[in-house]
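Worksheet for the structure shown next.
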Protein chains: 2
Amino acid sequence: MAQKVKLSTIADSLGLSTATVSLALRDSPLVAEVTRERIKCAARDLGYIYNRRAASLRTSRSGIVGVCVHDIMNPFFGEILKSVENELDRQRQTFILCNHHDDLAKQRSFVDTLLQLGADGLILSPAIGTPASDIRLPEENDLPVTLIARTVEGSGVLGFRGDDSYGMGLAVDHLVALGHRRIAMIGGTALTSTGRDREAGYLAALERAGIEFRPEWRIEGPRNRHSGFDAAATFLQIDNRPTAAACFSDLVALGFMYGLSRAGLRPGVDIAVTGYDDIDEAAIATPPLCTVSNGQSEVGRRAAEALLARLAGQPAADETILITPELRVRQSSDYNWPD
Amino acid sequence: MAQKVKLSTIADSLGLSTATVSLALRDSPLVAEVTRERIKCAARDLGYIYNRRAASLRTSRSGIVGVCVHDIMNPFFGEILKSVENELDRQRQTFILCNHHDDLAKQRSFVDTLLQLGADGLILSPAIGTPASDIRLPEENDLPVTLIARTVEGSGVLGFRGDDSYGMGLAVDHLVALGHRRIAMIGGTALTSTGRDREAGYLAALERAGIEFRPEWRIEGPRNRHSGFDAAATFLQIDNRPTAAACFSDLVALGFMYGLSRAGLRPGVDIAVTGYDDIDEAAIATPPLCTVSNGQSEVGRRAAEALLARLAGQPAADETILITPELRVRQSSDYNWPD
DNA sequence: CTGAAAGCGCTTACAG
DNA sequence: CTGAAAGCGCTTACAG
């Protein structure tokens with residue numbers, strides 16, 4: 001590799017100063033049109049590579065936004081990430097991604113890295129057990145935070161998520177309307193706001209329907225496809241088995257349906273099943289999955305917008321914005337009532 | 001937020017020089033034990049945040065490794081990423097992730113960003129159509145590249161991937177052994193090494209079995225769950241319909257099986273199906289998916305190891321390492337032969 | 001419209 | 001074992 005090309009290399013080659021070159025490359029109107037063109041040509045010819053570390057050290061703006069969620073492979077986050085990426089791209093911000101897998105230490109080390117890199121902002125779905133102080137730390141060090149999907153009490157920052165309690169209510173109301181009186185809820189944990197709110201929505205819907213909740217109907221824990229699969233075995237052993245299962249997420253529901261099939265039962269025929277999120281796969285699954293659309297692309301877009309607005313100088317807000325979910329009725333909630 | 005704490009803040013507070021503080025924080029034996037401890041305490045108390053941009057500008061080492069693949073949500077990459085992450089974590093390297101979605105412009109802009117940030121290395125699954133020069137550019141600018149999953153002719157860098165031709169042969173041989181003589185191949189594209197090699201493996205297996213290939217058996221294109229689903233409709237219209245389908249990937253196979261079910265056929269009973277990758281979901285699917293394990297965690301681990309070795313000064317190698325895949329027989333390849 | 005000079009916060013020879 | 005000083009490659013007032 002040749003000697004490294006820097007601003008001064010270009011400046012020297014044209015007999016200009018680095019100041020002029022720097023301004024020209026960033027399209028400053030202070031530099032004469034002709035000069036600007038000559039400079040840009042030279043930069044291209046010399047294979048100049050802009051050194052962002054140097055620039056960022058000087059300006060204390062890095063153009064980096066961190067995004068940290070528990071599982072980037074979950075299609076639910078996929079959609080959020082896609083819309084976050086769209087917004088950030090538009091503002092020429094680089095986004096760097098982290099998977100914390102609900103591991104607090106991992107989340108902390110990522111936040112540390114962002115601080116060390118002088119990142120401009122953080123979009124975070126906080127790991128289970130995140131204390132408010134873990135969110136105030138970056139805020140106090142000039143790293144603005146926007147929460148998505150989950151929120152943290154007392155964090156004092158803006159958050160965007162679906163109205164989980166209302167959404168779960170939609171699913172359970174639907175099952176009740178179809179005639180079900182014994183309805184289980186599969187998956188989720190009280191350790192996250194999502195889990196708590198969806199469970200609250202489930203319990204409230206039972207109460208609205210005048211159904212008395214039975215503890216064995218609530219199978220806590222599963223949050224991915226595999227544990228949804230395992231939960232089917234547990235479900236099938238419930239005394240006076242429920243005729244319907246409202247699942248914490250589509251992934252859990254899809255795994256749960258695999259589990260039912262494995263046990264020789266037909267989801268949507270022998271057991272009614274609902275999911276949550278309306279991921280792409282829901283519509284093509286066997287049977288098509290009845291679910292609740294969670295507005296994930298709106299969550300992603302608005303979180304990114306809000307963060308960019310703060311970078312542009314808007315003051316911080318301490319508020320949680322709830323996106324209203326919608327029921328998507330599909331065959332998995334059908335059920336053959338015994339005559 | 002208070003005034004920013006930097007090395008000199010600590011130095012001043014203790015009446016030392018920044019040189020000593022810098023050395024102490026990085027555990028240099030040059031600094032006396034006692035002094036080191038005093039410095040570390042002070043750093044903690046003052047809430048010091050290490051400025052990596054400044055350090056990196058000085059040392060021209062950033063501690064950043066870029067990882068860029070076409071689809072981070074594909075579970076196949078999930079496993080690769082997990083093992084890459086493990087290796088890099090161990091060396092305290094930060095990894096930043098990019099989804100190029102097979103968009104060359106996007107891939108280029110990510111490589112640019114890495115160059116600007118002074119990244120130490122890049123692990124890349126090259127986008128469709130990546131010219132060798134796009135890989136030599138970073139190499140020539142001190143950004144070593146290691147390829148995964150796909151390779152590029154003439155790129156001159158180290159690559160790790162499964163032996164796709166051999167692996168697809170395993171699947172098709174298995175179908176042949178079960179008695180199938182009309183076998184389709186669903187998905188993949190000749191635009192990637194993976195697609196070309198798996199197709200070659202399919203064709204070679206047919207030839208080994210003395211089966212004459214018919215063009216209508218080859219449904220090119222699908223590379224995700226949704227297009228696998230759509231391909232089922234196409235498949236079902238093939239004249240003298242095949243009794244088995246070897247799919248390009250597990251995602252394609254799982255979508256394809258959904259598509260068969262939607263059309264009222266039973267995958268694994270009416271049509272034998274195989275996948276490729278052996279993702280987690282394969283074992284719990286309905287029916288369990290017969291597939292080829294692709295050694296993805298080995299690919300990820302070895303690619304990361306190789307990159308780290310280069311960062312440690314080892315010379316570049318121009319070689320493609322093939323990991324040997326293994327067949328995983330499961331029920332989706334069963335088939336009810338008409339008596 | 002262009003240039004000379006200072007400074008962002010580190011690390012690294014070098015000196016003592 | 002510790003300190004003074006230069007320099008990484010930019011950008012930004014300031015001067016002309």
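Not measured: the values here are computed from a predicted model. The sequence lines fix the lettering, A, B, ..., with proteins before strands; numbering per chain opens at 1.
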query: Under a 3.5 Å cut-off for both distances, is D:dA13 Watson-Crick or wobble paired, and to whom?
result: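 Across any shown strand, D:dA13 pairs with none.
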- request: Counting Watson-Crick and G-U wobble pairs only, both distances under 3.5 Å, name the nucleotide matched with D:dA4, or none.
  value: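 Base partner found: none.
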What's the [atom1]-[atom2] distance between [X] and [N], to the nearest Å?
X: B:Q116; N: D:dC8; atom1: CD; atom2: P; value: 20 Å
X: B:L23; N: C:dA13; atom1: CG; atom2: C1'; value: 11 Å
X: A:L25; N: D:dG9; atom1: CG; atom2: P; value: 16 Å
X: A:L7; N: D:dT11; atom1: CG; atom2: P; value: 6 Å
X: B:D142; N: D:dC8; atom1: CG; atom2: P; value: 16 Å
X: A:L30; N: D:dC14; atom1: CG; atom2: P; value: 15 Å
X: B:L16; N: C:dC10; atom1: CG; atom2: P; value: 15 Å
X: A:L117; N: C:dG9; atom1: CG; atom2: C1'; value: 14 Å

Spacing of A:L147 atom CG and A:S125 atom OG [to the nearest 0.5 Å]: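 Those atoms lie 8.5 Å apart.
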query: Rounded to the nearest 0.5 Å, how far does CG of A:N74 lie from CD of A:E79?
result: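 If I round to the nearest 0.5 Å, the distance is 10.5 Å.
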Residue-phosphate contact under 4.0 Å: [X] side-chain N/O, [N] OP1/OP2:
X: B:S17; N: D:dG3; value: yes
X: B:S22; N: C:dT11; value: yes
X: A:R26; N: D:dT12; value: yes
X: A:T59; N: D:dT11; value: no
X: B:R53; N: C:dC10; value: no

- request: Taking the side chain as every heavy atom from C-beta outward, state whether A:L81 and A:I72 have any atom pair closer than 4.5 Å.
  value: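 Answer yes - side chains close enough.
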Which nucleotide, [options], lies nearest any side-chain atom of [X]?
X: A:A55; options: C:dG9, C:dT12, D:dC10; answer: D:dC10
X: A:T35; options: D:dC10, C:dC10, C:dT2; answer: C:dT2
X: A:L57; options: D:dT2, C:dT12, C:dG9; answer: C:dG9

query: Given that B:A54 and A:R58 both sit by DNA chain D, which one's nearest nucleotide is further toward the 5' end?
result: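 Upstream on the strand: B:A54.
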- prompt: Just checking B:A32: base, sugar-phosphate only, or nothing, at a heavy-atom cut-off of under 4.0 Å?
  reply: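 Sugar-phosphate contact only.
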- request: Describe the nucleic acid contact of A:G118 in one word from base, sugar-phosphate, nothing, applying a heavy-atom distance below 4.0 Å.
  value: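 Nothing, no heavy atom under 4.0 Å.
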field: Exercise: do A:R301 and A:S297 side chains pair donor with acceptor under 3.5 Å
entry: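 No donor-acceptor contact under 3.5 Å links the two side chains.
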Side-chain donor/acceptor of A:T59 to backbone N/O of A:A55, under 3.5 Å: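 Present.
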task: Indicate the ring-plane relationship of B:H70 and B:F77, choosing parallel, tilted or perpendicular according to the 30° and 60° boundaries.
output: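 Geometry flag for B:F77 against B:H70: perpendicular rings.
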